[in-house]
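Here's the structure we're looking at; comments come further down.
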Amino acid sequence: MFRETEILKSGSQVLPTGEDLGGAGDLVINVGPQHPATHGVLHLVLTLNGETIKKVEPHLGYIHRSIEKMCESLTYRQFIYVTSRMDYLSAHINNHACALCVEKGMQIEVPERAQVIRVIMDELTRIASHELWWGAMAMDIGAFTPFFHAFREREKINEIMEETCGARLTMNYYVPGGLMADLHPDFQKKVKEFIVLFKRKIDEYDELVTGNIIFINRMKGVGMLSKEDAVSFGCSGPAARGSGASCDIRKLYPYAVYDKVQFEEILETGCDSLARYMVRIREMKQSIRIIEQLIDNIPEGDFQAKTKAVLKLPKGEFYTRVETARGELGVYIVSEGATTPYRIKFRSPGFSNLSALDKMARGSKLGDLVAMMGTLDLVIPDIDR
Amino acid sequence: MAEEQNKTAVDFPGEIKEIPGGGIVLSKLDDVINWARSNSLWPLTFATSCCGIEYMAVAGAKYDFSRFGFEVARASPRQADVIIIAGTIVNKMGPVLKRLYDQMGDPKYVIAMGACAISGGPFFYNTYSVVKGADHIIPVDVYVAGCPPRPEALLHALISLQEKIKKGMTREQIKSGI
Amino acid sequence: MMNNEELKIKITGLLPSAIFDETGEWLNINIDPADWLAFAGQLRNDDSFYFDYLFCLTCVDFKTHLSMVYHLSSTKFRHNIVVKSKLDSNKPEIETISHIWKTAEFHEREVYEMFGVNFLNHPDLRLLILPDGWEGKNPMLKNFEDPVNMIKL
């Protein structure tokens with residue numbers, strides 16, 4: 001099952017896949033599945049010539065939990081919470097996508113209060129996810145301190161979530177029709193305190209990491225992905241926006257109350273790792289802007305629409321797309337009129353982003369591979385489902 | 001008595017006998033070795049899915065686990081003492097886990113964190129690829145319940161593991177007859 | 001941006017045998033598997049279509065037949081369509097489009113291992129997510145039985 005280290009001495013060597021490696025002195029090594037820098041269980045088979053990468057081949061499936069098959073036997077109220085284990089860093093946003101799909105099928109109207117709260121929770125989740133990305137990526141590049149700073153802010157967000165939703169990481173808070181429970185009375189006060197704190201901190205992060213000359217040298221010019229390639233590989237989210245491809249679902253196909261708030265879609269034209277990094281840092285600032293606009297204007301009303309106890313989607317197909325912290329998540333439900341879905345497909349952002357890694361990495365050095373994987377922000381359970 | 005004095009001051013297994021000019025510490029060598037081992041367990045960085053994030057939060061500054069001796073998380077299994085299985089184990093990952101466990105040097109301990117590592121968790125029914133519990137593959141000492149468990153729960157598990165080692169009740173120690 | 005009527009007229013001009021279905025959110029086009037390669041090239045290269053973003057490629061098992069589903073979008077004009085194609089359950093085969101949209105390479109490998117669809121002329125058709133030894137088992141098909149691992153509720 002595992003390819004042991006092979007040194008190709010002379011002439012050409014044909015791999016089991018039929019690919020001819022050709023070069024003499026090429027080395028085939030494994031990175032992972034257990035590796036501190038792969039952010040999960042990703043197995044990469046690298047073909048190296050000295051330190052230069054010739055080919056990257058990802059082997060997936062080390063966390064394949066057969067979620068799509070499992071969802072065919074769960075009801076429409078139950079399958080939403082399995083998806084928060086898929087991309088656990090944007091757990092709320094995943095649940096939002098599933099709830100929207102069921103609501104679209106059953107034509108349920110979600111009350112305004114629930115929609116506004118959903119957007120606030122989504123943006124807090126986006127900030128928490130980008131924080132963890134920032135800390136983990138800086139740790140991989142070699143700077144250990146940002147990891148602790150990032151987790152300090154994440155803990156503040158987790159406390160806010162825990163008071164209202166009851167859990168820190170896999171908050172099962174959205175139901176088809178609205179929310180499971182109303183907000184905690186302290187929610188608005190705590191979020192406002194967090195906004196004030198966070199605005200100061202994000203400038204501190206810029207000073208600490210972004211302006212650092214070593215960091216910039218490690219990221220500039222590394223992992224070039226042109227705009228045509230980004231679109232052809234199906235990349236979405238910050239990985240594509242760093243190459244100038246405009247694909248923010250919140251702007252193109254708005255859902256919930258995103259068409260009523262003002263924020264910008266961040267596009268960078270650098271096409272390299274530094275551009276993708278800057279997209280995420282600026283996105284955090286935009287998320288704070290959205291929360292500021294909404295936190296004082298949460299409308300009164302119901303937090304949940306009245307729905308039947310047992311949900312049955314009518315016969316047909318439904319597709320919804322949302323913007324998670326990693327890119328475009330699509331939920332495609334094929335229903336035959338029963339209480340359980342006939343077929344669910346989750347179009348995960350990481351799956352397509354990962355396919356661009358081979359193109360980005362050819363020709364660069366082994367040390368740059370870590371910077372590239374860091375800026376792609378892969379969460380492996382999202383890819384394997 | 002000298003024993004009560006000793007118990008409030010420092011958590012060292014043994015008794016101090018006062019003699020003119022100082023004192024003598026009497027203890028069993030096994031107790032001293034267990035005390036030293038339990039206070040310096042180095043975990044292996046092994047996180048497959050969501051519980052890995054709570055594990056990283058425990059390593060962070062708010063719920064710090066380095067004050068219990070778990071300071072250095074080693075990437076290589078040859079240098080690690082304890083493996084915290086944080087996340088689901090699937091059929092394809094099973095041989096990898098076994099290989100890592102075999103590579104760790106004795107004495108080694110295992111903590112199964114989260115519902116997935118204990119029994120398959122939310123993925124118990126209707127999945128064809130999940131191993132229903134990490135203890136089908138390697139022997140486990142401490143189980144932590146939760147999906148994911150709170151950081152305090154993981155700290156409680158780490159402290160329980162330390163207590164278990166001090167009492168000599170882990171699988172390692174029972175097997176080797178200590 | 002072309003609306004459904006304009007798309008229908010243009011597509012009927014290119015492929016007269018296409019059947020349209022407008023019950024869903026987007027225009028659904030049902031085609032024959034043999035026409036797919038040429039049609040895909042036209043969708044990608046034609047200046048008024050410009051479908052350069054393939055955002056979902058999957059397969060649905062309807063017990064009597066398999067149905068391939070392709071969701072396409074255009075980054076320039078922002079119109080979306082869905083192309084579907086019925087495959088025979090006994091010998092499911094269709095041409096690959098991984099040279100037109102590079103994202104299809106991974107997606108087609110996944111459909112191959114989960115449903116058993118053979119993609120002709122694919123550069124590298126092997127298992128992606130399932131472990132070794134699962135060739136031919138096709139777990140996402142409705143008639144997949146695994147009494148040992150799959151514990152029923």
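Proteins get letters first, then strands, A, B, ... in listed order; numbering begins at 1 in each.
- Listed options A:S66, A:A167, A:G135 were ranked by heavy-atom pairs under 4.5 angstrom with chain B; first place goes to A:S66.
- B:L97 does not touch chain A: none of its heavy atoms, backbone or side chain, sits under 4.5 Å away.
- Open room surrounds CE on B:M169; 12 or fewer heavy atoms of other groups in view lie less than 6.0 Å from it.
- Counting heavy-atom pairs under 4.5 Å between each of B:G52, B:A47, B:C147 and chain A puts B:C147 at the top.
- The part of B:Y63 that comes within reach of chain A is its side chain, from C-beta onward, which places non-hydrogen atoms under 4.5 angstrom from that chain.
- Looking at B:A57, the atoms closer than 4.5 Å to chain A (heavy atoms on both sides) sit in the backbone and in the side chain alike.
- Of all heavy-atom pairs between A:G61 and B:V90, the closest is O-CG2, 3.9 Å.
- Listed by first then second residue, pairs satisfying salt bridge (Lys or Arg N to Asp or Glu O under 4.0 Å) with a partner in residues 84-93 of chain A read A:D87-A:R326, not counting sequence neighbours.
- A:Q34 places a side-chain N or O within 3.5 Å of a backbone atom of B:A75 that can act as its donor or acceptor partner.
- B:P151 is listed as a side-chain neighbour of A:R168, based on a closest heavy-atom distance under 4.5 Å.
- The NZ atom of B:K92 sits 8.0 Å away from the CG atom of A:D384 when rounded to the nearest 0.5 Å.
- The distance from the CD1 atom of A:I67 to the OG atom of B:S129 is 9.5 Å, given to the nearest 0.5 Å.
- Taking chain A as the reference chain and counting heavy-atom pairs below 4.5 Å, the highest number among B:V130, B:L100, B:T88 is found for B:T88.
- Side-chain N or O atoms of B:K62 include none that pairs as donor or acceptor with a backbone N or O of A:F151 at under 3.5 Å.
- Within 6.0 Å of CD in B:E152 there are more than 12 heavy atoms belonging to other residues, nucleotides or ligands.
- Taking 4.5 Å as the heavy-atom cut-off, the residues of residues 68-78 of chain A that approach chain B are A:K69, A:M70, A:S73, ordered by number.
- The contact between A:R65 and chain B is made by backbone and side chain atoms together, counting heavy-atom distances below 4.5 Å.
- Note on B:F46, B:Y125, B:Y128: by heavy-atom pairs under 4.5 Å with chain A, the leading option is B:Y128.
- Taken to the nearest 0.5 Å, the CD atom of B:E54 stands 8.0 Å off from the OG1 atom of A:T170.
- Proximity to chain A is limited to the side chain of B:L44, based on heavy atoms less than 4.5 angstrom apart.
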